[in-house]
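This report concerns only the one structure given below.
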There are 2 protein chains.
Amino acid sequence: MSGRVDQAEMRRANMSLMLRSLRSGDPRSRARLATETGLSKGTTSTLIADLVGLGLVREDERERTGAVGRPGTAIAIDGGRVFGVGMEINVDYLALTVVDLRGRTVHSAVAALDIASTPVAEVLDQLARLIEDAMRLARARDGQIVGIGIGAPGIVDLESGSVRFAPNLGWHGVAVARELAARLGPAGPPIRLENDSKLGAVAEFSVRENQDIEDLLYLSADVGVGAGIVAGGRLMRGWSGFSGEVGHLPIGPQGVACPCGRTGCWELNVGLNAFLALAADQGDVVHDRSVPLEERLRALRGRADSGDGRVLAALSTLAANLSIGLSVLVDVLNPRMIVLGGYFPSFSDFLLAPITAALEARRMDLGSSAILVGSKLGLTSAARGGAQLVLEDVFEDPTIAASK
Amino acid sequence: MSGRVDQAEMRRANMSLMLRSLRSGDPRSRARLATETGLSKGTTSTLIADLVGLGLVREDERERTGAVGRPGTAIAIDGGRVFGVGMEINVDYLALTVVDLRGRTVHSAVAALDIASTPVAEVLDQLARLIEDAMRLARARDGQIVGIGIGAPGIVDLESGSVRFAPNLGWHGVAVARELAARLGPAGPPIRLENDSKLGAVAEFSVRENQDIEDLLYLSADVGVGAGIVAGGRLMRGWSGFSGEVGHLPIGPQGVACPCGRTGCWELNVGLNAFLALAADQGDVVHDRSVPLEERLRALRGRADSGDGRVLAALSTLAANLSIGLSVLVDVLNPRMIVLGGYFPSFSDFLLAPITAALEARRMDLGSSAILVGSKLGLTSAARGGAQLVLEDVFEDPTIAASK
DNA sequence: AGTAATTAGTTCGGGTATTATTCAAATGAT
DNA sequence: ATCATTTGAATAATACCCGAACTAATTACT
């Protein structure tokens, strides 16, 4: 597991503890941090001094405790100097998000792009341009970007940072990390590539930092369906990063062939196309791929709100089919929370209640109940997760922020 | 995550590293251990001295390196002083295994017992007697038992060490740990209760320590079917220990009611009763519960070997039904290895090939292939896992062996 | 207003674990 | 026999944490 521990490592671990302790909760005094972490007051002071030196933490205004005694100086995470960049490569857009150390989004950009008709090299050029914008922004604020986390809808090789296979992108063996590093030059931050559903799970997990949730399941869905799993507070990747490939579970329509080669895949029931087909006729505007997806979903949502029987029936069917697959995942994974992402949150009002009821009906023990919610992160979910992933490195080893 | 690190914790971590390093591979000299761990020679020597003092490690004979230079003194894990005890509570037997620090079984016992007709208090008495035997054995060898890991087929509350619900035992809210502690008195080792499938996974994982397998799925089956999941080298428990409750996945016979209240549960297809019903008529000896299960399985195995069409057909059906569920688990978890436990290993020759073929046929990428094997641990699987679980604590913090 | 009580944060000595270096011991090669 | 090589112990230097003492800032009490 863990390696050799010397004084430097000890220091690093305690800096990490201090920074993570500071992340959860309000700014507070050194004295309070000392008792919280169990470190002595002296150590706490020198750790804070080091973290201030790294630009990760700063003194806030005085702490108004209201109690007796000398008031302390509140210490807060400094959001202005260190940034994580997250990106998402998807079928019809590229997204970028810059998140500061406090978890706040300081910049985001979306570039519409029809990936099918764009050469890979050009996509990479455009990604590089987005990153360069972010780098300029960081420079202007006299801050630094500690890393770039990129999500792609497909199979990713973590080591090499390449997309092995992304059917919806039409990509096969694209060395994203290497290509981008070449374009960005030596000043480019380290690049991490990951499956988009896994990044979505990371994003949802980090948003719920203070809710004491260590086991979370994130379900993303547009055309394809995938899951990201956080187990025991850690992203679960499986042997080779294939965990959560739930779109093709054999719990869909019996016998129906799926483009993947199997039959009866779940996403034939709960994927975007299945839902749209149920909810509207072929000529309907919601099928028009030249209209942005969000707009089409808004339209359907509007019809549901006004009582359109067809859409309501589609939602009811969708809820039932989702329930089947989710109950499988609940039995296997026992998550504390299930977050529905992708196109589902647009219909939370119609999906959450029936699915929750279905899961409850199957529940054998109180311990296997899960909290079902819709994602509130929207499109930025995977990009945000990418940024959180690289920021996590700073919390794990604050000294990496030293390179100026 | 991790807490404060001081000098004592630093020492503990390095002792742990040293001991774990020693576990994998042959006995070797201090100098070699120093280069392997990255610690200095001086530190290595003092760490070894401490570990010798704790009775965890001893000097072996001289190391014959064959190379030039002064030969070193090989250091080996001392198997004679520290033991872990594992137990299993099952429907018709109690099992106990004593495992030494080197992972070798030094003692085991099985007590036949019809749990249905035995009062809980008496079962606990008998468990306590088995443990007392093991404690005597440890005392006779001038060693100590660092803990007792107990597996039960059901829902377990880890904190309190109690069985919340074990349908096959007919148990409801039995405070196993507390009751046993009361019977064993103050000299009793700490007791850990865990679900038996999870312990099986731990056992299989520890047996494959040197095979570089970090993601493993263990499937246990007698009447009930359950899974234990090791992900990233760690036992996955889920929010409340319910992970791996796969027996009641809705991928079994459509519409057939299960005692659990659901319909179409997987174990109605792949559980022991389903298989026996397929393989032999009602009056057949294999259905006679007064005959030990192993004997009945041997009989069936014999029939299969001699070409009994009924049994072969049953095995073929079983393989097909297992394939469906396993493919679900592979998609969700992406294990490197799947170990079949329970009654399956008796029929490995007939099950492994067709299931492997079925999984391969569904595979989308090389990265999602899993190695399928039958368990070789037999009945002792869960008990062995329990022992490994408590021994793991010693590897994590060698100082706990200090209490004499 | 003045003193006591309380809490914050710094300073410093002590303890401990690590590393690097030095040195004696044991062996193979020349 | 002598030298090179490797092991393992001994020693000095360094880094970090802890605890106690101390200064600082504020409230509570008389």
Side-chain angles (χ1 to χ4, degrees), chain A residues 2-18 21-22 26-53 57-76 397-399, chain B residues 2-19 21-22 27-53 57-76 397-399:
Chain A
S2 43
R4 165 183 84 103
V5 180
D6 57 7
Q7 275 99 335
E9 169 63 19
M10 179 161 102
R11 185 70 170 174
R12 191 208 57 68
N14 284 331
M15 278 177 78
S16 169
L17 175 66
M18 191 59 68
S21 176
L22 220 30
D26 291 325
R28 48 207 186 281
S29 68
R30 293 173 176 82
R32 193 169 304 228
L33 288 166
T35 52
E36 274 180 31
T37 56
L39 291 160
S40 71
K41 289 202 296 178
T43 304
T44 301
S45 286
T46 62
L47 282 172
I48 297 292
D50 280 7
L51 289 170
V52 169
V57 138
R58 60 180 167 66
E59 291 198 339
D60 231 37
E61 71 284 4
R62 279 295 160 79
E63 194 185 35
R64 293 265 102 246
T65 58
V68 306
R70 170 179 165 179
T73 319
I75 308 294
D397 180 4
T399 58
Chain B
S2 41
R4 161 184 87 103
V5 181
D6 57 8
Q7 275 99 335
E9 168 64 17
M10 180 161 104
R11 186 69 170 173
R12 192 208 56 69
N14 284 332
M15 278 177 81
S16 167
L17 175 66
M18 190 59 66
L19 198 58
S21 175
L22 219 32
R28 46 207 186 282
S29 68
R30 293 171 175 83
R32 195 170 300 231
L33 288 166
T35 52
E36 272 180 32
T37 56
L39 291 160
S40 71
K41 290 203 293 178
T43 304
T44 302
S45 287
T46 62
L47 283 171
I48 297 293
D50 280 8
L51 288 170
V52 169
V57 139
R58 59 179 166 70
E59 291 197 340
D60 231 35
E61 71 284 4
R62 280 292 160 80
E63 193 186 36
R64 294 265 99 243
T65 56
V68 306
R70 169 180 167 179
T73 319
I75 308 295
D397 181 2
T399 58

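Note on naming: letters A, B, ... go to the chains in the order of the sequence lines (proteins, then strands), and numbering restarts at 1 for each one. Every heavy atom of this structure was used, including side-chain atoms; hydrogens, water molecules and symmetry mates were not. Everything numeric here is computed off the predicted structure, so don't read it as measured data.
Nearest-nucleotide assignment on DNA chain C puts the 5′-proximal partner with A/Arg30, out of A/Val5 and A/Arg30.
Evaluation of atom-type donor-acceptor distances gives no pair under 3.5 Å for the side chain of B/Gln7 against the base of C/dA17.
Atom CD in A/Glu9 sits roughly 14 Å away from atom C1' in C/dA17 (whole-Å rounding). Separating the CG atom of A/Asp6 from the C1' atom of D/dA13 is a distance of 15 Å, rounded to the nearest angstrom. Rounded to whole angstrom, the span from the CG atom of A/Leu33 across to the P atom of C/dG9 amounts to 9 Å. Remark: P of C/dT18 and CZ of B/Arg12 are 12 Å apart, rounded to the nearest angstrom. Rounded to an integer number of Å, the gap from CD1 of B/Ile48 to P of D/dT7 is 14 Å. Atom P of nucleotide C/dT16 and atom CE of A/Met10 are separated by 13 Å, given to the nearest angstrom. Rounded to whole Å, atom P of D/dG8 lies 7 Å from atom CD1 of B/Ile75. At whole-Å resolution of the value, NZ in A/Lys41 and P in D/dA21 are 13 Å apart.
Side-chain N/O atoms of B/Arg70 and B/Ser29 include no donor and acceptor closer than 3.5 Å. The closest side-chain donor-acceptor pair between B/Glu59 and B/Thr73, if any, does not fall under 3.5 angstrom.
For D/dG8, the OP1/OP2 oxygens have no side-chain nitrogen or oxygen of B/Arg70 closer than 4.0 Å. Applying the 4.0 Å criterion to OP1 and OP2 of C/dG9, one finds that A/Ser45 has every side-chain N and O outside that range. Not one side-chain nitrogen or oxygen of A/Asn14 sits closer than 4.0 Å to the OP1 or OP2 atom of D/dC16. Note on B/Arg4: a side-chain N or O is less than 4.0 Å away from OP1 or OP2 of D/dC18.
Under the salt bridge (charged side-chain N to carboxylate O under 4.0 Å, His left out) criterion, A/Arg12 pairs with A/Glu9, sequence neighbours left out.
Distances were taken from every side-chain heavy atom of B/Ser29 (C-beta onward) to each of D/dT7, D/dA25, C/dG9; the shortest belongs to D/dT7.
Base engagement by A/Ser40 is indicated by at least one non-hydrogen atom pair under 4.0 Å involving a base atom. Backbone-only engagement by A/Thr73 is indicated by non-hydrogen atom pairs under 4.0 Å involving sugar-phosphate atoms exclusively.
Separating the OG1 atom in B/Thr43 from the CG atom in B/Leu33 is a distance of 13.0 Å, to the nearest 0.5 Å.
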* Asked: Can B/Ile75 and B/Met18 be said to form a side chain to side chain contact (heavy atoms under 4.5 Å, CB included), step by step?
  -> CA-CA 11 Å; B/Ile75 308 295; B/Met18 190 59 66; over 6 Å; no
